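Index from 1, following the sequence. Everything numeric here is computed off the predicted structure, so don't read it as measured data. Just follow the structure's listing: the first ligand is 1, and inside any ligand the first atom is 1.
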Amino acid sequence: MKRHLLSAADLSRADAELILSTAAELRELADRPIKKLPALRGRTVVNLFFEDSTRTRISFEAAAKRLSADVINFAAKGSSLSKGESLKDTALTLEAMGADAVVVRHGASGAPHRLAHSGWVRSSVVNGGDGTHEHPTQALLDAFTMSRHLGQGQARSLDGRRIVIVGDVLHSRVARSNALLLHTLGAEVTLVAPPTLLPVGVGTWPVEVSYDLDAALPKADAVMMLRVQRERMHGGFFPTAREYSRRYGLDGKRMATLQDHTIVMHPGPMVRGMEITADVADSDRSVIVEQVTNGVAVRMAVLYLLLGGSTPAVGGEE
Ligand code: NCD
């Protein structure tokens, strides 16, 4: 494994499988009454969040605490400094505090890369979502969730599986990281979106592209719905919300065309009634809440492996 996790493309197949198998061991902890291990005792993890987050920040915090690391949460939103300056000044502060790992979420694509390669900090940098670019730990938790449902928890089971990712791909760091990681793991990804919500250069991604949701659904082993990211939109990307839902939303009628084993996923936050109806989100096929639980185990595995814990992740209790 490299020192930083900035992009899903940083992970070889062996790296990704190691993270997923470590996460599988750690996942069992979530079902125990005492969820804590001493593996990262004395290490410091900083959560540096320049952009809003619920799930990701809490998940990294829970992951670090369950490994007994010290956690510092730094919500940089509202800083009056320009982004470049504030990133550098903040980085120097973190370095002075002796951070071993920094999880950074930033509105600017490339900010975690800048932090990792600037020489400002010596810690490992984990990308917790940068602009419209990447969100590698989300892709890892998604792959973990798929492997649990589609093949007894083996990462290899994603080989040849068909994953359909639907919606606002243009603004989605989740979609890009998933496309890269799923390709590494041997899955076949189809993106379904209106032409206006596909990024320039999608032709170079290792995916197929379709504009027809109804044609893609019956072949899918997993369907991942994406939120329409209105906060990143400055202009009309589709005629009306109603029209969007009609063509690209997942409702009960469309869900009925899925194969029996097919799961429905969403990284959250969901806009119920827009990209997904409430009956689908709350149905038996939905693994959306489980994705959140799995996220903690996957982030524990990432932190543990990046920080090269010296005791075994599980079983090192005194
Ligand atoms: C996503 C994100 O922030 O990239 N959510 C998440 O991390 N679970 C997706 C989104 O905001 O729609």
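Using a 4.0 Å heavy-atom cutoff, Ser53 is absent from the residues neighbouring ligand 1. Residue-ligand proximity: Arg105 is placed with a non-hydrogen atom under 4.0 Å from ligand 1. Taking a 4.0 Å cut-off on heavy atoms, Gly268 registers as neighbouring ligand 1.
Within the 6.0 Å centre-distance limit, the rings of Phe237 and His171 are counted as a close aromatic pair. The ring of His113 has its center no closer than 6.0 angstrom to the ring center of His4.
Of all atoms in ligand 1, listed by their number and element, those nearer than 4.0 Å to a heavy atom of Thr56 are 6 (C), 7 (O).
Among protein heavy atoms, atom 7 (O) of ligand 1 sits closest to His135 NE2, 2.8 Å. Protein heavy atom in closest approach to atom 3 (O) of ligand 1: Arg173 NH2, 2.8 Å.
Residue contacts with ligand 1 for Val174 involve side-chain atoms from C-beta outward but no N, CA, C or O (heavy atoms, distance under 4.0 Å).
Under the 3.5 Å distance criterion, the side-chain polar atoms of Glu275 are left unmatched by any main-chain donor or acceptor of Leu250.
At under 3.5 Å, a nitrogen or oxygen of Pro267, whether backbone or side chain, sits near a nitrogen or oxygen of ligand 1.
Counting heavy atoms only, Arg227 comes closest to atom 11 (O) of ligand 1 of the residues Glu231, Arg227, Met270.
Using a 4.5 Å cut-off on side-chain heavy atoms (C-beta onward), Phe60 and Val296 make no contact.
Atom CG of Asp31 has more than 12 neighbouring heavy atoms from other residues, nucleotides or ligands inside a 6.0 Å radius. Counting heavy atoms of neighbouring residues, nucleotides and ligands inside a 6.0 Å radius, atom CD of Glu208 does not exceed 12 of them.
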